[in-house]
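Written below as structure tokens is the structure these notes are about.
Computed from heavy atoms alone, side chains included, the values below leave out hydrogens, waters and symmetry copies.
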Amino acid sequence: MATKQSINLLQAELFPEQPLLTLPRVVGAWLALMLVMVTWSIVTEVNYKQSGAKYDALLIEQQQKQKLTKQLESQLKNRQISPALQNNLDTIKLVMQHKNALLAKLTDSNETFAGGFVMAMNDLSAMHHKDIRLQTISINVNEMSFTGLARTPQAVPAWLAGFKTSRLLSGKSFVQFKLAKNEQNITEFVVSSVATKGKS
């Protein structure tokens, strides 16, 4: 019978716990976020260019219709109104009303905020701060909010100060500004132009 020569005194509970935030995990999260932002920016830019081309085509068509309308109205003033000519004029006016409504939608900032979102993402990329890591970005016509992590509490105001150089974000006022330490002793922040309900 063999004699046991050694005893293992290092139990499993004595091994150090693996840290939750490791460099590969942080790098992977950053790469995933960057991929999502780039994909979203490309899709939005394509949609914005398509809307611009449609707007230009509608604008040209509207100008042609306006010119034809003026010609028909001039002809109506110089001769007796025939039923066919009057019907043609009424039809063109109705078409122009629809075109004007569509043009108004295409030029309304509430409807075409996609281009503004692309501009905001480009500005945020240019204002990158080494001590700030954004987790969520919410931007629409009426409000915008950001949440993320900061190495130091002072980094957040320094990052927000860079908004004054942004074409879209400059002049925006934020009514909610929250800083808190999480369990890993990392500063979490919330910046929003609209106060959120619930825990503060």
Side-chain angles (χ1 to χ4, degrees), residues 6-52 108-200:
S6 62
I7 299 175
N8 184 10
L9 298 178
L10 186 60
Q11 301 299 320
E13 59 268 20
L14 298 178
F15 285 99
E17 294 184 2
Q18 295 296 325
L20 181 61
L21 289 177
T22 63
L23 181 60
R25 290 181 183 175
V26 172
V27 171
W30 269 102
L31 290 176
L33 178 61
M34 184 179 298
L35 179 61
V36 170
M37 291 175 62
V38 169
T39 303
W40 180 262
S41 298
I42 292 173
V43 171
T44 306
E45 183 69 19
V46 170
N47 291 337
Y48 185 71
K49 287 183 178 179
Q50 289 176 348
S51 297
D108 185 2
S109 61
N110 293 337
E111 301 291 336
T112 57
F113 193 72
F117 183 81
V118 172
M119 186 187 302
M121 297 305 291
N122 290 336
D123 288 349
L124 285 172
S125 176
M127 295 184 303
H128 171 70
H129 194 289
K130 62 183 180 67
D131 294 332
I132 295 292
R133 176 181 154 198
L134 288 176
Q135 292 180 312
T136 63
I137 302 171
S138 175
I139 301 177
N140 58 41
V141 178
N142 299 319
E143 63 182 87
M144 62 176 59
S145 63
F146 307 95
T147 65
L149 303 176
R151 289 185 180 177
T152 62
Q154 296 82 5
V156 181
W159 173 66
L160 290 175
F163 279 30
K164 63 184 178 182
T165 62
S166 167
R167 293 169 293 172
L168 185 69
L169 303 175
S170 62
K172 298 292 183 183
S173 59
F174 297 96
V175 298
Q176 184 184 30
F177 181 82
K178 184 175 74 171
L179 294 174
K181 292 275 190 179
N182 60 20
E183 296 178 355
Q184 288 78 34
N185 203 31
I186 298 175
T187 300
E188 296 179 338
F189 67 88
V190 176
V191 181
S192 175
S193 61
V194 176
T196 57
K197 296 180 180 179
K199 295 181 179 180
S200 57

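The aromatic rings of F189 and W159 are tilted relative to each other, their planes meeting at an angle between 30° and 60°.
When all heavy atoms of A150 and I186 are compared, the pair lying nearest together is O-CG2, 3.9 Å. Shortest non-hydrogen contact noted between H129 and A158 is NE2-CB, 4.2 Å. Nearest heavy atom pair, residue F146 against residue I137, reads CE2-CG2, 3.7 Å.
Among L149, V190, L33, the single residue meeting the side chain to side chain contact (heavy atoms under 4.5 Å, CB included) criterion with Q135 is L149.
Evaluation of the salt bridge (Lys or Arg N to Asp or Glu O under 4.0 Å) test over residues 184-194, restricted to residues two or more places apart or in two chains, returns none.
Atom CH2 of W30 sits about 6.5 Å away from atom CG of L134, to the nearest 0.5 Å. In this structure, OG1 on T147 lies 10.5 Å from CZ on R133, to the nearest 0.5 angstrom.
With a 6.0 Å radius and a threshold of 12 heavy atoms from other residues, nucleotides or ligands, K181 has its NZ atom above the threshold.
S138 places no side-chain N or O within 3.5 Å of a backbone atom of S145 that could act as its donor or acceptor partner.
Residues that satisfy the side chain to side chain donor-acceptor pair (under 3.5 Å) test with T39, not counting sequence neighbours, are absent from this structure. Applying the side chain to side chain contact (heavy atoms under 4.5 Å, CB included) test to V27 and every residue at least two apart in sequence or in another chain returns L23, L31. The side chain to side chain contact (heavy atoms under 4.5 Å, CB included) test applied to P153 returns L179, T187, not counting sequence neighbours. Shown here are the side chain to side chain contact (heavy atoms under 4.5 Å, CB included) partners of Q50, two or more places apart in sequence or in another chain: V46, N47. Residues that satisfy the salt bridge (charged side-chain N to carboxylate O under 4.0 Å, His left out) test with R151, not counting sequence neighbours, are D131.
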